[in-house]
Amino acid sequence: MAKEKLSEDRLNKAQKIRELGYDPYGQRFDGVIPLAQAKALFDPDNPEKHPPARIAGRIIFLRDIGSLIFIRLRDSSGELQIGLSKKHLGQQWKLAKLFDLGDIIGADGQIGITKTGEITLWATEITILAKAINPPPEKWHGLTDTELRYRQRYVDLFSNPEVQKTFKLRSELIAQIRTMLTEQGFLEVETPMMQAIAGGAAARPFITHHNALDIDLYLRISPELYLKRLLVGGFEKVFEINRNFRNEGISTQHNPEFTMMELYQAYADYNDMMDLTEQLISQLVRKINPEMKLPFGELTIDYTQPWQRKTYAELLKEHAGVDINDIDAVRAKARQLDIEEATMDDTVVINEVFEATVEDKLINPTFVIDYPAPLCPLTKPKPDNPDLALRFELFIAGMELANAYTELNDPKIQKRNFEIQLAGQEETMAVMDHDFINALRYGMPPAGGLGIGIDRLIMLMTNSTSIRDVILFPLQKPKEQLTE
RNA sequence: GGGGGUGUAGCUCAGUCGGUAGAGCAACGGCCUUUUAAGCCGUAGGUCCUGGGUUCGAGUCCCAGCGCCCUCACCA
C-alpha cells in the first residue's frame, strides 16, 4: 500500500480519537512502572492474586479478535501483553479499536495470566499517549536495511531490542570506567574541542570558523597537549572522555568523530599505564564474562591475565622475519610486500612493514612496547637507548586499542621533535605550539599518559564488528530530505 | 580514490532466457472472548535508486551517475 495511504489511515484514526474526546498526543502519565517490573508482579505460586499496575509502552503486536484485543507493549525494560475486553472497558472500547502498531499507549489494570499461560495486564483503563503516523517496520524481521538503521536510528532502536542493549551496555561500561578512575584519584576534566592549533596527533583536522573573532579554528584531533598543560598546572591525575575529530577515511574502525579516553598520571611511566590499562579493561570483561573470554565476529578473544608484552623489534622478527637493525633486509621485505620504500625514511619503512605483517596477527590482548623513537615525538626516549621510545600500543583483534607513553617533559627535545615533524609533514600540524613548549619550560612532572579508543573498546565488549554499530548516529552522507 | 556487492510495495524478500511486476508481514472490509512471527475469508497497494541507450518490448542487457555495505588505500 502506498505510504501516503498508510499515513492517511492513521491520521484519520487520530481525528476519530479526538472526536471521542481524547488527545492522540497525550499528557503526563504518572506512576508508570517498567514492563519487566510489572511482569514480575505476577506470582506463579499465587495466580489468583491480581496486583494492580500502571504501564506504558509502544505497541509491537496487536491481535483483534472481535470483542477481545491482545496487545504486546515494549519499553526499554522488556515486553508485556495487555488484554482488553469489550465487557470491561465500556466506553473506552471505541478508543481501543483505534490503536495501531507503533502507537504509544498507557494502561491501568491487574496483572494476571491468560488461558495459554502468558502474563497479561487485564486493562481497566487505557489511554493514548502518542499516535504513530508512520507505520513501524515488520514485527518479525525488524529493520534490517543497514542504511535505514543508521539514518533512522530511532526506528532501529525501538524495533530491534538488541540494538538498545548494545547502547545500554556502552553507557554502563563508560560509567564503570569513570567510576574506576575516579576511585583511583583521577580528576575528570574538559579541555577545548575547538583549538587554534590542532596538535597532539598526526591527523588532518576539520576546520571551522569563529565569526566574531574572524579566525579559523580546528576541531581537536586530540586533547593531549591541553591535558599535559594541566600536569604543569599541578593536577597530578587527570582524565577526559570526549570526542576527537579526524578528517580522514571512514571504515568499520574509523568514524570521523570518535570517543577517546585520555589520562595522565604524574610521577608514573608507561609501565604503570600498561598495568592500569590491563586492569581497567579486565574489570570490564570480568563483568561481562567471568571466564574472561569474549566473542568478536569469527574470533574468540581471551582476556586472561597477564597479557602479552612484546617489543616492537621482537614482533617484527617474529612476523616479518627481519631484524629491525638490518635495514637492507627490512627494505627487501618491504618490496616483497609492494611497499614503495625507495622514497621513505628507514623508520617509516620499518613501520610500514610492521603494520603490514604484525598488527592483524595480534588477536589476544598484546602490548607492543618500545617503538622506534622517530615515530613518537611526544614520548620520552629510553635512557639506555635513545633510538627507542617508552611507548606501547595495545592491540586486540588486530585493532589498535590503546596508545600510551612515558611523556616527554624536556622542552628542548620537545621543541626539536615538533620542528622535525613540521618539516616532514606540511599536511598535518602546520603550526608550532609555542605555548605548549612554554608550559613545559615551567616544568611538567614525569608522567605516564594513556589513550583508549572507547568506540573500539565497546566494539570488543559488545561483539560489534563495525564501529557504526556502537555509535548512535554514525556519519552518513546526506541524502535528499525526507518529507511527509 | 581503487576493487567487489547491493538498491523491487510502509517493512522483509522472490522475480527463470528480455515478453502483463509477485509473496509474507503491515493496511483496508467482513467473522470471531484467549492470540503468541502469519486466526479465517476478501480487497487494495509499485518513480523496480536516477538519467540515458539497445530492442517491437527492459526490473532483467549496455553506459553514466547516486546511496549503502564489504575490502584495499589513506590514517601517530
Looking at B:A26, I'd like to know if its phosphate oxygens (OP1 or OP2) sit under 4.0 Å from a side-chain N or O belonging to A:K139.
yes
Check: A:H254 side chain, B:C75 base, donor-acceptor under 3.5 Å
yes
Are any of A:T114's side-chain N or O atoms less than 4.0 Å away from OP1 or OP2 of B:U34?
no
Between P of B:C72 and CG of A:D338, the distance in whole Å:
15 Å
Taking OP1 and OP2 of B:U12, is either one under 4.0 Å from a side-chain nitrogen or oxygen of A:T144?
yes
Counting only heavy atoms from other residues, nucleotides and ligands, does the tally under 6.0 Å from NZ of A:K97 exceed 12?
yes
Is the phosphate of B:C68, meaning OP1 or OP2, less than 4.0 Å from a side-chain N or O of A:R151?
yes
If I take atom CG in residue A:N12 and atom P in nucleotide B:A27, what distance separates them, rounded to the nearest angstrom?
15 Å
Would you say B:C28 has OP1 or OP2 under 4.0 Å from some side-chain N or O of A:K13?
yes
Of all heavy-atom pairs between A:N134 and A:R10, which one has the smallest distance, and what is that distance?
O-NH1, 4.0 Å
Please state how far atom NZ in A:K87 lies from atom C1' in B:U33, giving the value in whole angstrom units.
8 Å
Does any donor-acceptor pair link the side chain of A:E147 with the base of B:G7 at a separation under 3.5 Å?
no
Below 4.0 Å: OP1/OP2 of B:C68 and any side-chain N or O of A:Q152:
no
What about A:Q81: does its side chain form a donor-acceptor pair under 3.5 Å with the base of B:U35?
yes
Using atom C1' in both nucleotides, what's the gap between B:A38 and B:A27 to the nearest angstrom?
15 Å
